[in-house]
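Report on the following structure.
Because the structure is a prediction, the values reported are computed rather than measured.
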Amino acid sequence: MTQAALSRTALTLGLALLGAAGAQDLTAYREVAGSLDTAARVRPGSAPQALAQLDRAVAAFDTLEPTLQNRKLASGVRDAMGAARAALGRSPAELQAQVELARGLLRKALMDQTLSGLSGGGGNGAAQLQLLAREFGLQGASGQALVTAGTSGRLPEVAWRLQRAATGKVNAALGSVQPRQDAASYLALARATGWFSVVQDAAGVGDLRLSQFGNALRQLAGGDTAGLTGSLQDLRRGMRAFTATLAAPPAASSAAPAPEPATPPTTVTPAAPDPAPTPTPAPVTGGSSMVSGQTDVYAALARAHAAARAGDTPAAREHLAVAWQALGGVTDTLRQAEGFAALNRRLEGTQALHPLRPQDVEALMGQLANVERASQGQPPLTLNAVSAAGMQALSGWARAGLLALLAALSVVPLRYLHLAFGGRNAYWRAIAAGVALLFTPLFLEGLGGLLGALGDTLNSPLRAALNLTLTQGGYGLWLWVVLSAAAAGLLTYGFRGLCEQFGLIGGRRAAVNVNQTQIIDWDEEV
């Protein structure tokens, strides 16, 4: 990479934090962001398609740029898009990394200008807040809380919610970085850099600086494994301290937080290394006691489980990333126990699972419990081991696809039941209804699971369809009880009526001669 290219990349991360109140062109913003994301997504398969998307992003930015009050941020975004275009002919990883940096600058501009506009009574108000919620992955109740805080004038709370979401993204990305030269780690570190650029001026950031991320990027691309390991430890330690400052919301106030001036960093983005097999993550330094290690893992898993049961899979993945990071701070005894390496790999892989279901997190908890028992010289619990193996074999799209297929097949016996016995006999209608109720949980699981998997994969509100399944939350048990009770009642009524009709029970029993050949009309009116 030339010195000029390195300088342009450095400028993409130089953030000026002063901005006048004003409204951005949100339509143009969405088009720029969408085109950049699409360019990164299609580049591995088609460079011409990626180039077309980059051209669309540049054209849309020509419309967006005049509405950006922070000129240095606007210049940084344009330089980052130019660097992405220059990287188009080198490797997909480098293009994707440049897109991550550009998207970080875009989010920073949107956040700063929205807060500044709301503080001065200008801007697009609710529309900008809704776009911010989407950009920061705040969905459902979290997104609504952000909009409510902003429209109510609680701007410190808005900044806090956005900073907490961004730090979660940084932690998740850092948790995927391995101290080895490979493309996946390079992209994860670039993603962490882009998200940290959004919050680098926050009051609780401490001594953590954006230039440290740039140094780690250089070390990764240069193959400096020893230096990268130390840098990652420093970054993760700094992010843990930063995240701790965001544990509680700020005191109610209508004034926007005053950002601290940021010094333009000297970060450079080196060429992406060749892809390599994903290695086992290095342990994260941290507390060596059980309280600061294993308890932190359990706490993060519990939060992930609660988010997964509510259908908030982005939040669940963020908590899983925190759990995976905290796993590096457990005792040496636990780390050396049988099953720890498998737990480490499983916890890392679950973060990318689509869809993420509560049972996946429960299996992780059981797997961790078995590792703890192994470290104490106790035999593992069979149920935990079976659950972990079962969820590993049948999770994500495999589970969604299989249950959707079974749900479709459940219609077949009902169809044949209707063809064989018709619908004029009240008893057979009751039996058909009872069988249908017995299949209802499977049908809901298949339909809700498939739609939810699509929504989770596409990052759309369709993921809420997971709540249709009876295995998503505690409400499913009671609904299953009601359906089963209704099915048992209908089946009992239907089969008992048939027995009376055929003289097997009741007063008509003597009237039936079972030794005689009879023609039975299944559709006989009763």
Check the pair Asp312, Arg317 against salt bridge (charged side-chain N to carboxylate O under 4.0 Å, His left out), reporting the backbone distance first and the verdict last.
CA-CA 9 Å; Asp312 189 0; Arg317 290 189 178 90; over 6 Å; no

For Gln96 and Tyr186, run side-chain hydrogen bond (donor to acceptor under 3.5 Å, both in side chains): C-alpha distance rounded to whole Å, both residues' side-chain angles, the deciding distance at 0.1 Å, then the answer.
CA-CA 10 Å; Gln96 292 164 352; Tyr186 175 79; over 6 Å; no

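Within the 3.5 Å criterion, the main-chain N or O of Val481 finds no donor-acceptor partner in the side chain of Ser484. Side chain of Gln178 to backbone of Ser176: a donor-acceptor contact under 3.5 angstrom is found.
To the nearest 0.5 angstrom, Thr313 atom OG1 is 10.5 Å from Glu318 atom CD. The distance from atom CG of Leu106 to atom CE of Met111, rounded to the nearest 0.5 Å, is 13.0 Å. The distance from atom CG of Asp37 to atom CZ of Arg103, rounded to the nearest 0.5 Å, is 4.5 Å. One finds the CG atom of Asp234 at 10.5 Å from the CG atom of Asn215 (value rounded to the nearest 0.5 Å).
Counted by atom type alone, Ser185 and Asp182 present one or more donor-acceptor pairs between their side chains at under 3.5 Å. Between the side chains of Gln144 and Gln130, no donor-acceptor pair is found at a separation under 3.5 Å.
By the ring pair (Phe, Tyr, Trp, His ring centres under 6.0 Å) test, Tyr29 pairs with no residue at all, sequence neighbours left out.
The list of salt bridge (Lys or Arg N to Asp or Glu O under 4.0 Å) pairs with a residue in residues 441-453, not counting sequence neighbours, reads Arg357-Glu445, Arg399-Glu445.
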